[in-house]
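One structure is given below, encoded as structure tokens.
One is the number of the first residue; the rest follow in order along the sequence.
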Amino acid sequence: MKRNKIKKIDDAEKIAAGEVVERPANVVKELIENSIDAGAKEIRIIVKKAGKSLIHVIDDGIGIPPDEIVIAFERHTSSKINKIEDLEVLSTLGFRGEALASIAAVSQVEITSRIKEKERGVKLILEDKRIIDKKEIFCPIGTDIKVKNLFYNIPARQKFLKKDPTELGHITDIIQRYSLAYPHLHFIYMHNDLSILNCPALNDLKTTVFHIYGKNVAKFMEPINFKEGNLKLHGLLGHSEISKNNRMYSSIILNKRYVISDLLFRAIQEAYKGTLMTGKYPFFVLHLEIDPSVIDFNVHPKKLHIRFENEDYIYNKVYNIVRKFVEEKFIEKEVTYDFQEISKFTSPQAEDNKEEPYDKSEISVDESEKSSKYQIDKSVQLSLTDRDVDKGLGETPSAETFLRENYIIAKNFPKLRLISRTGQLSNKTYIVLEGINENDEGGVYILDQHAASERVNKEFFYDLYKKSVKSKQKLISPLKIEVSPSEKFFLQLNLKEINRLGFDFEHFGGNTFILRSIPIIIGKNPSMQIIKEIISDITEIGKDKSFSEKLEEIINYLACHKSIRGGDDLSLKKVRSLIIDLANCKDSFHCAHGRPTLKFISFKELDKLFKRIV
């Protein structure tokens, strides 16, 4: 093997810049952090083409002195730390001294800055990190920086940028996080001259949540405020009504810095145990302030991930604080409320007058025969509706029901009973059917009710989208829905496509949309929470690629969202309707995700199983 000579890398700074600047959102983050460290009260962020052509950040901070502005663009220069020991008492967001150098290496930069001691500021123009122009200029106190044509000099990096909606989604997300971290600052955010976010100064955290997520989220958030020694935990914890399908919506602010910490997320998730449905995550905005000497912020190029000196202590402390709050505010409150509600409808004598329940296992054959008048003739059963069944049987349980519900119990024998009259097994997931397959073989079919329902719903949405089938219904009272800035942008960009799926949204102004029609499959009176959850989830699915590229995944999500679940109790009418709908599908044998809907066991296989044939 030929040995290559070790030598200095050409354009090393452009390569190293990739550690800090991966996409436009990283530039926005670094510039916002610089503005905050400079003591800005107002930060204005203007982007064009999702930050690819322009990122413009204006602040009213202390500015950069004329004799330091050039040095600021050299690597490893900083006004925030001088030596490694300074990390022990870190109180600023920036500390590496490489952000501006990295940004200047991969873009065209124009910066104007002035300090209050000077009547004039300095304007500096850089291209490929080289100073093109420097001059004095009249300007307000603070810093105004424009980053143009990101990666113009590295085409290989430029082509890996995602489409505008995706990149804008990442920018919006980071601006929202810092608005939550610094609710007392005024953040103004615009894209292509369109206002996306305007969070006025001197807000409390709940007001900022209102500006970002809307009042229907803010009203379900409870303030928490805990202090003990050097540790302070404060912010907002959300009720189960606003729980999410993943944890990316929640924010952890550690010493005023937005971070991603699996340790802290797990502690908070565990503290919510018993209050959320399976697969749901709590929604929260929490500020944790602790001694900076026990945190290592320097473990990730973008300073998003962190490490603690004593992870067990931090985990247990956060868990115990949040758990105590959850028990007091979310668990005890709900239990007390439920008890009071029930007591309104329960008379004091109810317990005394309560009849002993039947011991169904003691019903004899003679008693069953006496109840035979309630039995339903087999030839009529398929045409019965739920109302017919209720009407025909009245309130008296039939002998057939008793026989089906009770296990036969004997020593050295399994507990056995007949399956329900609908064929649905007791786990409310599978339905047992008898049928004949395509080879004219008789046998038993086992139907997965969720998988079958999902397939039916997937084809419903596909027909609605592809053929514009008239399968949507107008709402008697249109819903007024508030969304987050990133959801607003997604809806505006994809209104026509979403309309083809049966959701007729209309932009009302600001972050508010009017929903006028919905697919009939959603039901007549959908709750606001269900619609908001759908918007939130399809925004998350569609953020990385175009709507058409993510269409199948969005349809799969909608199909799953409105499907019959495992555990749902089905009537005879619903079971039959499900089978008919499944039979009319183009692919009746696979759910939206490719799992089987039906499995067949022939009588011949059963004969082999019981050794009737070899």
Side-chain angles (χ1 to χ4, degrees), residues 18 20-33 35 43-58 103 106-108 145-152 157-181 187-199 208 211-214 246 248-249 251 258 260 302 304 481-498 505 507 509-513 532 535-551 553-554:
V20 177
V21 183
E22 181 188 353
R23 62 189 344 145
N26 304 138
V27 175
V28 172
K29 176 180 179 291
E30 296 294 343
L31 297 182
I32 286 176
E33 288 182 353
S35 296
I43 303 171
R44 191 180 295 266
I45 306 107
I46 302 157
V47 295
K48 298 276 177 76
K49 274 203 74 182
K52 296 172 188 175
S53 66
L54 175 69
I55 296 168
H56 188 184
V57 176
I58 308 162
I103 292 166
V106 294
S107 66
Q108 298 162 328
I145 183 167
K146 295 176 182 175
V147 177
K148 302 175 183 177
N149 303 318
L150 190 63
F151 300 131
Y152 79 100
R157 294 294 304 278
Q158 202 172 43
K159 71 180 183 181
F160 280 102
L161 290 177
K162 303 291 185 184
K163 294 191 175 179
D164 286 4
T166 302
E167 296 300 344
L168 191 69
H170 288 286
I171 293 171
T172 304
D173 182 67
I174 204 68
I175 294 171
Q176 288 178 173
R177 306 290 185 181
Y178 276 99
S179 298
L180 295 167
F187 285 88
I188 301 164
Y189 168 37
M190 299 182 73
H191 175 251
N192 292 347
D193 301 321
L194 176 71
S195 176
I196 295 182
L197 183 66
N198 190 341
C199 282
T208 301
H211 279 288
I212 294 172
Y213 299 109
N246 62 58
M248 57 81 60
Y249 294 96
S251 298
Y258 167 63
I260 297 169
K302 299 174 190 70
L304 277 173
I481 300 162
E482 291 178 82
V483 298
S484 71
S486 52
E487 291 166 353
K488 168 190 170 181
F489 184 77
F490 178 81
L491 287 175
Q492 284 183 311
L493 193 69
N494 299 292
L495 268 181
K496 286 184 181 177
E497 304 296 306
I498 293 168
F505 283 105
H507 190 213
N511 287 349
T512 305
F513 285 79
K532 281 183 71 66
I535 293 169
S536 176
D537 290 340
I538 65 172
T539 301
E540 178 62 20
I541 291 167
K543 75 176 184 181
D544 287 330
K545 291 186 178 177
S546 68
F547 194 94
S548 57
E549 288 174 294
K550 285 287 188 175
L551 176 63
E553 195 175 335
I554 289 169

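Contact check for His211 versus Asn198: no side-chain heavy atoms found under the 4.5 Å cut-off. With contacts defined as side-chain heavy-atom distances shorter than 4.5 Å, the pair Ile145/Ile103 does not qualify. Using a 4.5 Å cut-off on side-chain heavy atoms (C-beta onward), Pro485 and Ile212 make contact. Side-chain contact between Phe490 and Val483 is absent, with no heavy-atom pair separated by less than 4.5 Å. Between Lys48 and Asp193, some side-chain heavy-atom pair lies under the 4.5 Å cut-off.
Atom NZ of Lys146 sits about 12.0 Å away from atom OG of Ser53, to the nearest 0.5 Å. Distance check, rounded to the nearest 0.5 Å: CD1 of Ile171 to CG of Leu197 gives 13.0 Å. To the nearest 0.5 Å, the span separating CD1 on Ile175 from CD1 on Ile43 amounts to 10.0 Å. Between the CG atom of Asn511 and the CZ atom of Phe489 there is a distance of 13.0 Å, given to the nearest 0.5 Å. Rounding to the nearest 0.5 Å places CD1 of Ile174 at 7.5 Å from CD of Glu33. Taken to the nearest 0.5 Å, the NZ atom of Lys488 stands 12.0 Å off from the CD atom of Glu482.
For the pairing with Pro24, the side-chain contact (heavy atoms from CB on, under 4.5 Å) check across Leu161, Val47, Asp164 returns one residue only, Leu161.
Among all heavy-atom pairs drawn from Cys199 and Thr208, the shortest one is SG-CG2, 4.1 Å. Closest approach of Val21 and Phe151 over heavy atoms only: O-CZ, 3.4 Å. Of all the heavy atoms in Asn192 and Lys49, the pair that sits closest is OD1-N, 3.1 Å. Nearest heavy-atom pair, Gln492 versus Leu194, reported as atom, atom and distance to 0.1 Å: OE1-CD2, 3.9 Å. Across every non-hydrogen atom of Ser484 and Tyr213, the tightest pair is CB-CD2, 4.2 Å. For the pair Thr172 and Ser486, the tightest heavy-atom approach, listed with the atom from each and the gap, is CG2-N, 3.8 Å.
No donor-acceptor distance shorter than 3.5 angstrom exists from the side chain of Glu553 to the backbone of Lys550, with no hydrogens or angles considered. Side chain of Tyr249 to main chain of Ser536: a donor-acceptor pair is present (N/O by atom type, distance under 3.5 Å, no hydrogens or angles). With hydrogens and angles disregarded, no donor-acceptor distance shorter than 3.5 Å links the side chain of Lys29 to the backbone of Tyr178.
Side chains of Tyr258 and Ser251: a donor-acceptor N/O pair is absent below 3.5 angstrom, by distance only.
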ask   = Passes side-chain contact (heavy atoms from CB on, under 4.5 Å), Val27 versus Val57? Steps please.
value = CA-CA 10 Å; Val27 175; Val57 176; over 6 Å; no
message = For a side-chain contact (heavy atoms from CB on, under 4.5 Å) check, start with the C-alpha distance between Ile196 and Leu168, then their side-chain angles and the critical distance, and finish with the verdict.
response = CA-CA 11 Å; Ile196 295 182; Leu168 191 69; 4.1 Å; yes
